[in-house]
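Numbering of ligands and ligand atoms starts at 1, following listing order.
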Amino acid sequence: MPELHPKLSPVFDEVVARNPGEAEFHQAAREVLESLGPVVSKHPEYADAEVIRRLCEPERQVIFRVPWTDDAGRVQLNRGFRVEFNSALGPYKGGLRFHPSVYLGIVKFLGFEQIFKNSLTGLPIGGGKGGSDFDPKGRSAGEVMRFCQSFMTELYRHIGEHTDVPAGDTGVGQREIGYLFGQYKRITNRYESGTFTGKGLSWGGSRVRTEATGYGLVFFAERVLAASGESLEGRSVVVSGSGNVAIHAIEKVQQLGGRVVACSDSDGVVVDETGIDVELLKTVKNGHRGRIVDYAEARGARYVRGGDVWTVPCEIALPCATQNELRTEGAASLVRNGCVLVAEGANMPTSPDAIRLLRDNGVAFAPGKAANAGGVATSALEMQQNASRDSWGFEHTEERLAEIMASIHDRCLATADEYGSPGDYVAGANIAGFTKVADAMLALGVI
Ligand code: GLU
């Protein structure tokens, strides 16, 4: 592990001491702190005002009981979380994740990442995240609805369009946002659509929001390639995952002339040399809530149960599943197979060792907080439309998304240059994201 700046080392020790056992949060915090050395050397005022220490401590954390009844009439119990991390730039903004792996450390890592990501979008949104250890797999629509209603019966008092604006993440899509918004509307007796993003089009949603994370990721990857005179045209691409981010990344890669040869889920990998049929994938995943094995069967493509998606040869890899899914072994196999770019669609999917291995071998690396910021950026556009009671067309919204991704890309590069790490997107994203929040925190006083 690289050494931390002497002023940042005690900050990291404090994060570990104050948040015992929260490995993912420690990892996310360490990664940002490793980039901030040159910033504290150049700007001692940030350390003097304890801005970095304050940033590592969430403004508010809510943990609550979520009881609900399953279809058999049995009482079930889950735990709900909302970590309101930083509101220097705007209302807390970030998704809700429903997955059995969710605990406070996961929510904190995601909320922490969200601060910098949201700052990078250039739009007025703070950082937060929430979720539950509820496992939606195998649950009926009725069970999911009752769970969402119970979850919102507590969460409603903590959120609002000027306070905290949740959206989706793993396990939370438009259906769940509908149930959550419905319960919020019922309890508050207000049609406050700006309190949620990721809504359906007929009830305040934005065009392109569903596609935004995946599309934005590919726009970003294209800019990275363009910086060295390359493009996506004719490139072979591997995408991990097969959820919303993965599906729309695949779709955009194909629109731009690339060929996606594999994708995956937690059970296995499909290898499809002729290119994934994204319409079929959507039907299997969204229409029937099916698995990759069902896609492979319907398509007649090769399915490897328990396979490792990173062993499939490709020039570009887009991890779009979950945290720490790409580790040193996977990274080594990407390097061996001649991969030139890894761009993260998921949050923190590449382990720190794997990032080092990729970069030591000359693979370009685009971190999630820059490359997957298109989702939350389009959420901010949804909030804009809600505030002005407007609804934009698809093309206009997609153009705004493309502009935002281009500007994030260029700012990462310019910032990396300014702080002496040319071409380093990790340093660029962390420093550019940080300085904007830190300046706002300084301006707002010790709060
Ligand atoms: N969960 C998404 C993310 O990781 C989107 C959050 C949002 O739209 O608020 O950025």
Side-chain angles (χ1 to χ4, degrees), residues 24 28 81-87 89-99 102 106-121 123-132 155 159-161 163-174 176-177 180-181 193-200 204-217 220 241 243-249 319-323 325 343-349 366-386 397 400-401 404-405 408 429 433:
E24 297 82 2
F81 303 89
R82 187 73 182 167
V83 173
E84 298 179 333
F85 228 115
N86 195 292
S87 61
L89 298 180
Y92 310 106
K93 181 81 197 87
L96 297 170
R97 174 177 293 191
F98 293 168
H99 192 270
V102 168
I106 292 274
V107 182
K108 264 190 219 164
F109 117 65
L110 290 164
F112 186 74
E113 293 272 300
Q114 205 82 46
I115 304 171
F116 304 93
K117 184 195 311 200
N118 295 5
S119 162
L120 280 172
T121 67
L123 298 164
I125 39 179
K129 203 85 183 193
S132 173
L155 190 68
I159 61 176
E161 62 181 324
T163 312
D164 184 354
V165 181
D169 196 84
T170 306
V172 179
Q174 204 175 98
E176 290 72 24
I177 294 294
L180 294 162
F181 176 48
S193 42
T195 302
F196 297 85
T197 63
K199 302 181 295 294
S206 171
R207 291 194 174 75
V208 195
R209 177 63 191 87
T210 310
E211 295 84 356
T213 313
Y215 279 20
L217 168 67
F220 196 95
N244 184 51
V245 179
I247 285 175
H248 295 100
C320 295
T322 195
Q323 65 275 353
E325 54 164 313
E344 296 185 323
N347 292 313
M348 209 169 76
K369 56 172 89 67
N372 76 28
V376 76
T378 309
S379 278
L381 301 182
E382 183 171 334
M383 291 162 73
Q384 260 183 53
Q385 292 168 75
N386 294 149
T397 317
R400 290 287 310 266
L401 169 64
I404 292 168
M405 296 316 293
I408 296 175

Could you list which atoms of ligand 1 come closer than 4.0 Å to a heavy atom of [X]?
X	answer
G94	9 (O)
S379	7 (C), 8 (O), 9 (O)
G95	6 (C), 9 (O)
A167	7 (C), 8 (O), 9 (O)

So which heavy atom in the protein is nearest atom 5 (C) of ligand 1, and how far is it from that ligand atom?
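Ranking protein heavy atoms by distance from atom 5 (C) of ligand 1, first comes R209 NH2, 3.4 Å.
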Heavy atom of the protein closest to atom 9 (O) of ligand 1 (residue, atom name, distance):
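Ranking protein heavy atoms by distance from atom 9 (O) of ligand 1, first comes K93 NZ, 2.6 Å.
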Are any of the N/O atoms on N372, whether in the backbone or the side chain, positioned under 3.5 angstrom from an N/O atom of ligand 1?
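Among all N and O atoms of N372, none is under 3.5 Å from an N or O of ligand 1.
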Between [Y] and [X], is there a side-chain donor-acceptor contact under 3.5 Å, judged purely by atom types and distance?
X	Y	result
K199	N386	yes
S206	Q385	yes
R209	T197	no

Heavy-atom contacts under 4.0 Å between [X] and ligand 1: side chain, backbone, both, or neither?
X	value
Q114	side chain
N347	side chain
K129	side chain
K117	side chain

I want to check something: taking the side chain as every heavy atom from C-beta on, are F112 and F85 in contact at a cut-off of under 4.5 Å?
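They are in contact (side-chain heavy atoms under 4.5 Å apart), so the answer is yes.
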Check whether any heavy atom of G168 sits under 4.0 Å from an atom of ligand 1.
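So G168 counts as touching ligand 1.
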Please identify which of these residues, L180, V165, T195, meets the side-chain contact (heavy atoms from CB on, under 4.5 Å) condition with I159.
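Exactly one candidate clears the test, T195.
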With sequence neighbours left out, what residues match F109 under ring pair (Phe, Tyr, Trp, His ring centres under 6.0 Å)?
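Expected list: none.
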What distance separates Q114 CD from I125 CD1, expressed to the nearest 0.5 Å?
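Q114 CD to I125 CD1: 7.5 Å, rounded to 0.5 Å.
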Which pair of heavy atoms, one from P91 and one from D164, lies closest together, and at what distance?
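Residues P91 and D164, closest heavy atoms: CB-N, 4.2 Å.
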